[in-house]
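Contents: one structure, followed by commentary.
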Amino acid sequence: MFHPALFKGMTVVVTGAGRGIGLEVARQFLDCGARVLVHAGRSIGELPDFLESAATEGRAHVVTADFLAPDGVESLAEVVRSRFESVDILINNAGTMVGRFPAAELTDEQYQTVVQLNQTAVVEMTRAMLPLLRKGTHPAIVNTVSISAVTGGSAGSSIYSATKAFVATYSKALARELAPEGIRVNCVSPGTITTDFHQRYSSPEKLEATRKTIPLGRLGTAEDCAPAYLFLASHVLSGYITGQVLEVNGGQLIA
Ligand SMILES: NC(=O)c1ccc[n+]([C@@H]2O[C@H](COP(=O)([O-])OP(=O)(O)OC[C@H]3O[C@@H](n4cnc5c(N)ncnc54)[C@H](OP(=O)(O)O)[C@@H]3O)[C@@H](O)[C@H]2O)c1
């Protein structure tokens, strides 16, 4: 656990934070004193107690936006502008595999959906937030990529894996471009993490086979991933780190 005042007074935007990794990242930023705009995804279900309390106290703002809808990202950006005069930390985390699509059967619509959600939305959100980040204190962007950006992923995930590789490379280029302004850009690359994600796209047998390949002997959790985001977001902890991808995978990929 980081110091409870590590992000005191700072403004944080986390996309895809209604569940899974993003929700835990939002929780840990709130625990460290930040004011957090929580993009819950496409709809708000029942809020966990910590988020309900933080929202009541005005420290969390929970909003929805469908990144596949026309102007979906812009609608979220508009809410951020209406709530925050500046943004210190942007976490681009929303995304999913959408489905497993064999290369020969992939439709144009499936292709565009995967690319829009995992790739284009990151570019759009980053562009929309840059004016607010430029007004922030020690601003930082942390993007969620994936182990599959390096390995290529498993069957049917080629486009998803390629979008994550795009985001990793985009982040490196952006890190160099924005460094003169003091804005750092890094990525967290989760391995196989037990969120709703794999419940949808991987069978228990596939997950067990994967587990056996992981040197630390278990699948990861959202709690395993979140500290990497806070570390890369903190000027105090990682102020000299930019353009990097931090792999969080129990040793599943050691290169
Ligand atoms: N779990 C893993 O093993 C793993 C591994 C590598 C990378 N990742 C990446 O980690 C990130 C978080 O994944 P997770 O495991 O926490 O998955 P998750 O539990 O499925 O959460 C995904 C988040 O993205 C949001 N999202 C999905 N479609 C959206 C849309 N059309 N518009 C706006 N938001 C949308 C979801 O909102 P809804 O509730 O509306 O769907 C949800 O908040 C993703 O970028 C994923 O690709 C995960």
Side-chain angles (χ1 to χ4, degrees), residues 13-28 36-48 51 62-77 79 90-100 109-110 112-122 124-125 142-154 157 159-168 170-171 187-202 206-207 210-211 213-214 218-226 228-229 245-250 252-253:
V13 176
V14 188
T15 71
R19 53 201 168 96
I21 296 169
L23 179 64
E24 180 59 18
V25 169
R27 189 183 71 75
Q28 295 200 9
V36 184
L37 192 130
V38 177
H39 165 244
R42 291 161 290 181
S43 60
I44 301 178
E46 197 178 331
L47 294 182
L51 204 46
V62 185
V63 297
T64 60
D66 183 354
F67 287 180
L68 293 173
D71 293 330
V73 173
E74 180 50 29
S75 74
L76 175 64
V79 177
L90 170 63
I91 310 290
N92 283 308
N93 169 74
T96 190
M97 199 183 284
V98 182
R100 289 195 181 269
E109 195 190 345
Q110 288 164 345
Q112 279 150 14
T113 298
V114 177
V115 171
Q116 170 60 38
L117 177 59
N118 295 290
Q119 175 172 321
T120 312
V122 175
E124 291 176 344
M125 190 64 188
V142 184
N143 295 325
T144 300
V145 293
S146 169
I147 189 173
S148 68
V150 178
T151 65
S154 50
S157 76
I159 308 305
Y160 167 79
S161 304
T163 63
K164 294 297 189 181
F166 172 97
V167 173
Y170 170 70
S171 303
C187 298
V188 173
S189 175
T192 306
I193 311 301
T194 53
T195 63
D196 295 348
F197 183 97
H198 281 291
Q199 276 182 5
R200 264 175 276 135
Y201 308 122
S202 305
K206 183 175 188 303
L207 287 175
T210 301
R211 187 194 66 74
T213 69
I214 298 175
R218 63 176 178 84
L219 302 175
T221 63
E223 290 79 4
D224 288 322
C225 297
Y229 292 81
V245 177
L246 180 46
E247 305 285 344
V248 182
N249 57 39
Q252 192 178 351
L253 172 74

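All ligand and atom numbering here is 1-based and tracks the order in the structure. Numbers here are sequence positions counted from 1.
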Could you tell me whether [X] and ligand 1 have an N or O pair separated by under 3.5 Å?
X      : result
Thr192 : no
Thr144 : no
Arg42  : yes
His198 : yes
Leu117 : no
Ser146 : no

**Thr96, Thr163, Asp66 screened by side-chain contact (heavy atoms from CB on, under 4.5 Å) with Leu117, the one that passes** =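 Answer to the side-chain contact (heavy atoms from CB on, under 4.5 Å) test with Leu117 among Thr96, Thr163, Asp66: Thr96.
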
Report the nearest protein non-hydrogen atom to [atom]: residue, atom name, distance rounded to 0.1 Å.
atom                    : answer
atom 12 (C) of ligand 1 : Asn93 OD1, 3.4 Å
atom 36 (C) of ligand 1 : Arg19 NH2, 3.9 Å
atom 32 (N) of ligand 1 : Phe67 N, 2.9 Å
atom 14 (P) of ligand 1 : Thr195 OG1, 3.5 Å
atom 8 (N) of ligand 1  : Tyr160 OH, 3.7 Å
atom 5 (C) of ligand 1  : Gly191 O, 3.1 Å
atom 25 (C) of ligand 1 : Gly16 CA, 4.0 Å
atom 37 (O) of ligand 1 : Gly41 CA, 3.4 Å

Record the part of [X] in heavy-atom contact with ligand 1 below 4.0 Å; permitted values are side chain, backbone, both and neither.
X      : value
Ile21  : both
Ser148 : neither
Ile193 : both
Val145 : backbone
Met97  : neither

Minimum side-chain heavy-atom gap [X]-[Y] below 4.5 Å:
X      : Y      : value
Asn118 : Lys164 : yes
Ile214 : Leu219 : yes
Thr15  : Leu76  : yes
Tyr229 : Asn93  : yes

Considering the heavy atoms of [X], write down every atom of ligand 1 situated less than 4.0 Å from one of them.
X     : result
Gly20 : 16 (O), 19 (O)
Gly18 : 43 (O)
Asp66 : 30 (C), 31 (N), 32 (N)
His39 : 33 (C), 34 (N)

**Message:** Taking CG in Asp71 as the centre, count heavy atoms belonging to other residues, nucleotides or ligands within less than 6.0 Å. Is the count above 12?
**Reply:**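 Not buried by this count: 12 neighbours or fewer within 6.0 Å.
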
Can you name the closest pair of heavy atoms from [X] and [Y] and give their distance?
X      : Y      : answer
Arg100 : Ser202 : NH2-OG, 3.4 Å
Cys225 : Pro190 : SG-CB, 4.1 Å
Met97  : Val114 : O-CG2, 3.9 Å

**Asked** So between Ala94, Ala121, Gly95, whose heavy atom ends up nearest atom 22 (C) of ligand 1?
**Response**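 Shortest heavy-atom distance from atom 22 (C) of ligand 1: Gly95.
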
**Message:** Could you check whether any side-chain N or O of Thr194 sits under 3.5 Å from a backbone N or O of Thr221, counting only pairs where one atom can act as donor and the other as acceptor?
**Reply:**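 Flag not set: sc Thr194 to bb Thr221 has no pair under 3.5 Å.
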
**Prompt:** How are the rings of Tyr160 and Phe197 set relative to one another: parallel (under 30°), tilted (30 to 60°) or perpendicular (over 60°)?
**Reply:**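 Tilted, since the angle between the ring planes falls between 30° and 60°.
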
**Message:** Heavy-atom contact check, 4.0 Å cutoff: does Ala65 meet ligand 1?
**Reply:**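 Ala65: in contact with ligand 1 (<4.0 Å).
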
Return the [atom1] to [atom2] distance between [X] and [Y], rounded to the nearest 0.5 Å.
X      : Y      : atom1 : atom2 : answer
Gln116 : Glu109 : CD    : CD    : 12.5 Å
Arg218 : Thr192 : CZ    : OG1   : 12.0 Å
Thr120 : Met125 : OG1   : CE    : 14.5 Å
Ile159 : Gln112 : CD1   : CD    : 11.0 Å

